[in-house]
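Lettering follows sequence order; numbering is per chain, from 1.
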Number of protein chains: 2
Amino acid sequence: MTAFGFHAHDHAHCISTTLHRAEAYCAAHGLKFTPIRRRALEILLAEHRALGAYDLLAELAKDGLGTAPPVAYRALDFLTKAGFAHKIEGLNAYIACAHLGADHSPAFLICTECKSVAEAETQATQGRLGETARAVGFRINRTVIEALGVCPNCQDQPCA
Amino acid sequence: MTAFGFHAHDHAHCISTTLHRAEAYCAAHGLKFTPIRRRALEILLAEHRALGAYDLLAELAKDGLGTAPPVAYRALDFLTKAGFAHKIEGLNAYIACAHLGADHSPAFLICTECKSVAEAETQATQGRLGETARAVGFRINRTVIEALGVCPNCQDQPCA
DNA sequence: ACCTGAAGTGTTATGATATAACAAAAAGGA
DNA sequence: TCCTTTTTGTTATATCATAACACTTCAGGT
Ligand SMILES: [Zn+2]
Ligand SMILES: [Zn+2]
Ligand SMILES: [Zn+2]
Ligand SMILES: [Zn+2]
């Protein structure tokens, strides 16, 4: 279980790999990876940070791909349902999936200083929450697991 | 680690205990448990369900305690900062704390059928999320842990 | 090629959640 | 009392999200 986002890595590779996986997934599942959807994913992938729907829309607008809110929300709906992006509930913002392809329950480490986000994989149905759920007979469909705090980079900087 | 909310219990006792604890906490910490704040907590305590800020406002309005949004949000701000209530990020809604007094990181089991919510206590800094955080040097300040699913009561009902 | 239905897009309008800003009132201590 | 801080009342606005409907595109069946 490793977390990206706070460490230097070959991000160009990170982006191209994810886009190729998304293409392959769509081909395999009969989904249409249209220009709007593809560009939306590219925009989310640009950084390991969460973007608001209207921020995404602004970027899409720069490329002439739409100006009204539904454009962004439809793209996000597609991306999240396909598992290509996740919503960060604590920020009302969206981020590209860092483990595209794996069927996973994501957990996030969110830096409140620099807004960067790392995605970790968890099996939420294991662990304490899962225990509790089983104990009371609760059936879990989806989990929201987010930790807000300060990333290693920001801890190193005396004044942030 | 037990979860209330899905099981029958003496809820009147549940309410009075929590209100008394809140009063004691305010007295001990020099906080003002004003009529608006007290009534807001009572409203949240009425059921083990999450309430939207505007739903809360509507209830407060019935008692002549305010009609404009800031009234509700200020009360919620006080209650959440004091630890008397929690925000359910996945619902943009608020719920009274079920373990008032204990210094805790809450986790929630949220029934998407009947909207009832059970609060479990966790030590989120233990478990996998905490492991990951420590491994990458991330300092956790607050956690959002929510499981969306179906409670035992709703599973028993064939058509919901 | 044509029809047809499903999916995607463009657009307007609106709903739902949350906060900024500032004046008035109340509370509390010197 | 007087002054400061906190709380409240109120207006306006910011931010996040969806409903609804017309139009286009595209794949499949004929
Ligand atoms: Zn993911
Ligand atoms: Zn950071
Ligand atoms: Zn109760
Ligand atoms: Zn239920």
Q) Can you find a side-chain donor-acceptor pair between B:His9 and B:His11 that sits under 3.5 Å? A) yes
Q. Rounded to the Å, how far apart are B:Asn92 CG and D:dT18 P?
A. 10 Å
**Q.** Of all pairs that satisfy side chain to side chain donor-acceptor pair (under 3.5 Å), the ones with a partner from residues 29-44 of chain B, not counting sequence neighbours
**A.** B:Glu23-B:Arg38, B:Arg38-B:Glu42, B:Arg39-B:Glu42, B:Arg39-B:Asp63
Q) Which residues, if any, of residues 68-81 of chain B bring a heavy atom under 4.0 Å of DNA chain C? A) B:Pro69, B:Pro70, B:Tyr73, B:Arg74
**Q.** Those residues that, when tested against A:Glu89, pass salt bridge (charged side-chain N to carboxylate O under 4.0 Å, His left out) (two or more places apart)
**A.** A:Lys87, A:Arg142
Q: Measure the distance from NZ on B:Lys87 to P on C:dT17 and round it to the nearest whole Å.
A: 10 Å
Q.
With a 4.5 Å cut-off on side-chain heavy atoms, are A:Tyr73 and A:Tyr94 touching?
A. yes
Q) Are any of the side-chain heavy atoms of B:Val117 and B:Lys115 separated by less than 4.5 Å? A) no
Q.
Test side-chain contact (heavy atoms from CB on, under 4.5 Å) on A:Leu91 and A:Ile110; report intermediate values, then the result.
A. CA-CA 9 Å; A:Leu91 300 177; A:Ile110 302 158; 3.8 Å; yes
Q.
Under 3.5 Å, is there a donor on one side chain and an acceptor on the other for A:His7 and A:His48?
A. no
Q: Give, ordered by number, those residues of residues 18-39 of chain A having at least one heavy-atom distance below 4.0 Å to an atom of DNA chain D; if nothing qualifies, reply none.
A: none
Q. Atom CG of A:Leu57 and atom C1' of D:dA17: how far apart are they, to the nearest Å?
A. 12 Å
Q.
What's the angle between the local helix axes at either end of the helix from C:dA1-D:dT30 to C:dA30-D:dT1, using five pairs per end and rounding to 10 degrees?
A. 30°
Q | Distance in angstrom units between A:Tyr94 OH and D:dT15 P, rounded | A | 16 Å
Q. Over how many whole Å does the gap from B:Asp55 atom CG to C:dA18 atom C1' extend?
A. 14 Å
Q) Whole-Å distance between D:dC16 P and A:Glu89 CD? A) 13 Å
**Q.** Ring geometry between B:Phe84 and B:Phe33 (parallel below 30°, tilted from 30 to 60°, perpendicular above 60°)
**A.** perpendicular
Q: Determine the interplanar angle of the B:Phe138 and A:Phe6 rings, folded into 0 to 90°, and report it as parallel if under 30°, tilted if 30 to 60°, perpendicular if over 60°.
A: parallel
Q. Has the side chain of A:Tyr54 got a donor or acceptor that lies under 3.5 Å from a partner of the other kind on the base of D:dA14?
A. no
(Q) Checking B:Asp77 now: which residues fulfil salt bridge (charged side-chain N to carboxylate O under 4.0 Å, His left out) with it, not counting sequence neighbours? (A) B:Lys81
Q.
Just the rounded figure in Å: distance from C1' of C:dG8 to CG of A:Leu65.
A. 14 Å
Q.
Checking B:Leu44 against B:Leu76 for the side-chain contact (heavy atoms from CB on, under 4.5 Å) test, could you report, in this order, the C-alpha distance in whole Å, the side-chain angles of both residues, the deciding distance, and whether it holds?
A. CA-CA 10 Å; B:Leu44 292 182; B:Leu76 288 168; 4.1 Å; yes
